Number of protein chains: 2
Amino acid sequence: MATIRELARLCGVSPATVSRVFNNPEVVNAKTREQVLRTARQIGYLPNESARTLATKKSFMVGLVWDTDHRRPGWRHPFFQEILIGLKTALSGREYHLLMLATSGDTSGERTEDAYVRAVRRHNLDGVVMIDSGTWDPSLRRLSESGVPCVSLDRPVEGSRATYVTSDNAGGARLAVRHLHERGRRAIATITGPAHTRPGAERLRGYQDEMSRLGLPHRPEFVVEGDFYLSGGHAAMRRLLEADERPDAVFVAGDEMAVGALRAIGEAGLKVPEDIALVGFDDIEVAALVPPGLTTVAQDKAGFGTAAAEAVVSMINGADAPPPRILPTTLVVRGSSTPPL
Amino acid sequence: MATIRELARLCGVSPATVSRVFNNPEVVNAKTREQVLRTARQIGYLPNESARTLATKKSFMVGLVWDTDHRRPGWRHPFFQEILIGLKTALSGREYHLLMLATSGDTSGERTEDAYVRAVRRHNLDGVVMIDSGTWDPSLRRLSESGVPCVSLDRPVEGSRATYVTSDNAGGARLAVRHLHERGRRAIATITGPAHTRPGAERLRGYQDEMSRLGLPHRPEFVVEGDFYLSGGHAAMRRLLEADERPDAVFVAGDEMAVGALRAIGEAGLKVPEDIALVGFDDIEVAALVPPGLTTVAQDKAGFGTAAAEAVVSMINGADAPPPRILPTTLVVRGSSTPPL
DNA sequence: CGGTTACATGAAACCGGTTACAGCGAGATG
DNA sequence: CATCTCGCTGTAACCGGTTTCATGTAACCG
């Protein structure tokens with residue numbers, strides 16, 4: 001493997017000059033620069049990132065922390081994949097790499113929870129992006145306080161080196177309710193996410209806000225808490241159907257739950273949208289596939305990754321934590337909310 | 001940040017000894033070792049991986065190469081996420097980290113295709129896992145020939161430092177056909193994947209083998225090529241329905257296509273499974289969600305990641321490339337293939 | 001023409017580990 | 001008692017970059 005000294009020797013210059021060619025091109029004489037670049041290409045010189053990191057303490061890598069515990073939401077975030085690709089693409093464009101870090105699944109005994117924090121320090125990671133792992137983890141807090149830029153997805157965080165990206169959950173929920181209202185529905189129920197999650201709480205708030213704005217009565221029996229998963233949606237819908245008065249529409253705060261609800265409605269011998277209209281949230285792939293097509297509030301999936309990348313890089317470059325980024329949501333209308341003929 | 005010399009000074013030993021405590025514990029006196037470990041814990045010493053990599057040329061990182069081009073299959077591999085989690089978990093357990101590398105989406109001009117190869121060299125990556133990116137990429141070949149262990153998923157590769165992991169595609173296809181036969185179907189058609197992909201070709205072969213084994217006639221009009229995507233499955237199914245004789249069952253070589261087929265059947269006013277039974281392949285999430293539930297050939301999703309991790313690590317440790325790993329497939333029976341009442 | 005300034009470069013220390021080699025003391029051996 | 005062996009440890013070079021500081025040269029100025 002060609003080293004910088006070798007390249008320098010071939011060009012008859014010092015290693016320092018070669019280094020400058022790559023990091024500070026403008027300070028070196030144009031002629032020398034060209035020659036160095038040409039020779040570098042010829043011999044296939046590539047700077048060794050470890051050496052560079054060792055010297056500069058910048059690794060040009062950011063960690064993606066996500067939760068590999070199957071019981072927790074991280075790895076099955078509704079569009080993990082889209083976030084990942086958005087993040088990766090945006091980071092690549094800024095010359096950063098992405099290192100995968102997990103908050104569980106590590107073997108080590110006692111302080112396993114901190115494994116990813118140790119990785120950040122050992123590898124000189126320049127920043128961290130975290131996919132909602134349940135809590136604003138104390139280790140992460142310490143990390144951020146120690147100056148490592150942190151961006152969290154869907155979970156508020158604080159600190160001068162930390163910010164977060166999330167969707168306009170409340171706005172999206174309002175959109176959904178308004179849409180159902182416009183389609184003539186009045187008895188609008190909701191299946192919420194867990195109250196302790198940010199998106200869960202926000203979507204409920206949006207639902208409530210819009211209901212009052214429209215002058216629709218608030219009925220406690222029309223608000224049932226789900227868990228963001230299929231089975232939870234199914235169970236919640238059954239509870240709604242057992243109530244004295246049946247809703248003619250349900251805003252379900254997550255598409256996966258909505259599919260569960262769809263099934264429960266079918267099992268009860270009712271039809272969507274004729275008997276009950278449904279609007280979900282997320283716009284996951286299934287939404288378009290499951291008959292009759294699920295009307296849903298779409299999140300800007302790629303935007304998550306892009307926004308996170310922007311935020312983390314700007315902090316890496318010395319900026320203060322930018323304000324939280326709230327991504328707009330849009331309504332995608334499909335069969336589950338068409339007016340009954 | 002604590003360095004090894006600092007720790008050494010505190011313990012009254014040389015840096016070499018400290019280094020040995022971490023890399024070769026058995027050669028250092030038990031008493032000294034304990035003291036070093038204790039002190040290390042106290043001051044929160046963590047070895048600097050860049051320095052270590054620089055000195056040893058081993059980074060304990062492997063690259064995951066995948067295709068971020070939306071038009072190509074890599075990033076939407078039917079269970080990218082499960083592979084990723086399996087891989088990550090298995091690698092973590094072996095003290096390796098995972099660096100994300102993309103084959104497109106990079107900005108640089110001319111030789112953009114090689115961006116990930118350069119990353120491998122710059123970062124001293126110990127190995128590479130590649131999610132089917134269409135072709136057995138010449139850059140990857142060179143990489144493998146230069147001694148970097150490579151594991152490919154769903155695509156055969158060759159070389160003493162390269163191997164691959166795939167499902168028993170042919171076996172799974174046979175399973176599907178046999179199942180349909182057992183359920184009394186005789187006019188069994190198939191919608192295949194693209195012929196140039198390995199899984200596409202293998203599944204077709206399995207279908208053909210089992211058809212002849214069962215003594216069922218081979219009818220060319222019962223074999224239609226799809227593209228693994230929803231729309232392709234939809235179109236292929238329509239062509240099957242337009243044929244003179246209608247099949248009473250279809251083996252669809254991918255669940256996403258199967259969902260498209262399901263839809264096409266519904267649009268034609270026919271019913272699954274009454275008129276046509278369907279068996280898919282992959283067992284993606286939707287398969288369980290879409291009514292009436294899609295019978296499908298399940299792949300061992302987590303197994304992909306685990307097997308890849310095992311293979312790459314064993315090669316990193318000096319072993320020759322292990323033989324290709326063929327993961328078993330199993331049939332998951334759901335509503336789409338129940339016998340007509 | 002002497003003195004300043006700007007520009008381009010080189011020498012050498014440094015980043016934080018690893019490791020080949022040498023050395024030392026204690027116990028074993030002849 | 002001299003020597004050998006073994007177990008343990010230290011010295012110092014090395015990995016491949018970056019960066020501070022000094023230096024040399026040419027241009028510029030009064």
Side-chain angles (χ1 to χ4, degrees), chain A residues 1-37 39-40 43-61 95 97 118-126 316, chain B residues 1-37 39-40 43-61 95 97 118-126 316:
Chain A
M1 267 302 262
T3 75
I4 203 174
R5 290 176 223 270
E6 199 171 334
L7 177 53
R9 194 177 44 74
L10 286 176
C11 298
V13 300
S14 76
T17 298
V18 176
S19 175
R20 283 187 277 253
V21 166
F22 292 106
N23 301 306
N24 244 351
E26 64 280 4
V27 310
V28 25
N29 178 288
K31 216 159 170 175
T32 326
R33 192 198 316 146
E34 295 314 321
Q35 193 213 346
V36 169
L37 288 174
T39 316
I43 68 172
Y45 168 77
L46 290 177
N48 179 317
E49 290 299 331
S50 304
R52 193 200 278 253
T53 299
L54 179 57
T56 61
K57 286 159 177 20
K58 294 181 55 44
S59 62
F60 284 91
M61 293 198 289
E95 307 294 335
H97 281 270
R118 292 202 299 276
V120 170
R121 290 178 46 201
R122 290 168 72 126
H123 286 94
N124 284 298
L125 297 194
D126 298 331
I316 290 173
Chain B
M1 267 303 263
T3 76
I4 202 174
R5 291 176 220 271
E6 198 172 335
L7 177 54
R9 194 176 45 72
L10 286 176
C11 298
V13 300
S14 76
T17 297
V18 175
S19 175
R20 283 188 277 253
V21 166
F22 291 106
N23 301 306
N24 242 353
E26 63 280 4
V27 309
V28 24
N29 178 288
K31 217 159 170 175
T32 326
R33 193 198 316 146
E34 295 313 322
Q35 192 214 346
V36 169
L37 289 174
T39 316
I43 68 172
Y45 167 76
L46 290 177
N48 179 316
E49 291 299 330
S50 303
R52 193 199 276 252
T53 299
L54 179 58
T56 61
K57 289 160 177 18
K58 294 179 56 44
S59 63
F60 285 91
M61 293 198 289
E95 308 293 336
H97 281 270
R118 292 202 299 276
V120 170
R121 290 177 48 202
R122 291 168 72 125
H123 287 94
N124 285 297
L125 297 194
D126 298 331
I316 290 173

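What you see is a predicted model, and the numbers here were worked out from it, not measured in a lab.
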Where does the chain B footprint on DNA chain D start and end, counting 5' to 3' with a 4.0 Å heavy-atom cut-off?
D/dC8 to D/dG16
Partner nucleotide of D/dC1 by Watson-Crick or wobble geometry (both distances under 3.5 Å):
C/dG30
Name the pairing partner of D/dC29, where a pair is Watson-Crick or G-U wobble with both distances under 3.5 Å, or state none.
C/dG2
I need the [atom1]-[atom2] distance between [X] and [N], as an integer number of Å.
X       : N      : atom1 : atom2 : value
A/Ile4  : C/dG10 : CD1   : P     : 12 Å
B/Asn29 : C/dA26 : CG    : C1'   : 13 Å
A/Asn23 : C/dT9  : CG    : P     : 15 Å
B/Asn24 : C/dG17 : CG    : P     : 17 Å
A/Gln35 : C/dA8  : CD    : P     : 16 Å
A/Arg9  : C/dG10 : CZ    : P     : 14 Å

Of A/Arg20 and B/Phe22, whose nearest nucleotide on DNA chain C comes first from the 5' end?
A/Arg20
Base, sugar-phosphate alone, or nothing: which one does [X] contact when heavy atoms must sit under 4.0 Å apart?
X       : answer
A/Val13 : sugar-phosphate
A/Ser19 : base
B/Leu7  : nothing
B/Thr56 : sugar-phosphate
B/Thr32 : sugar-phosphate

Judged by nearest nucleotide, the residue sitting upstream toward the 5' end of DNA chain D, B/Gly12 or B/Lys57, is B/Gly12
DNA chain D: A/Leu54 or B/Glu26, which has the more 5' nearest nucleotide?
B/Glu26
How many angstroms lie between [atom1] in [X] and [atom2] in [Y], if you round to the nearest 0.5 Å?
X        : Y        : atom1 : atom2 : answer
A/Thr56  : A/Asn124 : OG1   : CG    : 8.0 Å
A/Arg122 : B/Ser50  : CZ    : OG    : 11.0 Å
B/Arg52  : A/Leu54  : CZ    : CG    : 13.5 Å

Donor-acceptor pair, [X] side chain versus [Y] backbone, under 3.5 Å?
X       : Y       : result
B/Thr53 : B/Glu49 : yes
B/Asn23 : B/Ser19 : yes
B/Arg33 : B/Pro25 : yes

A/His123 and B/His97 aromatic ring geometry - parallel, tilted or perpendicular at 30°/60° bounds:
perpendicular
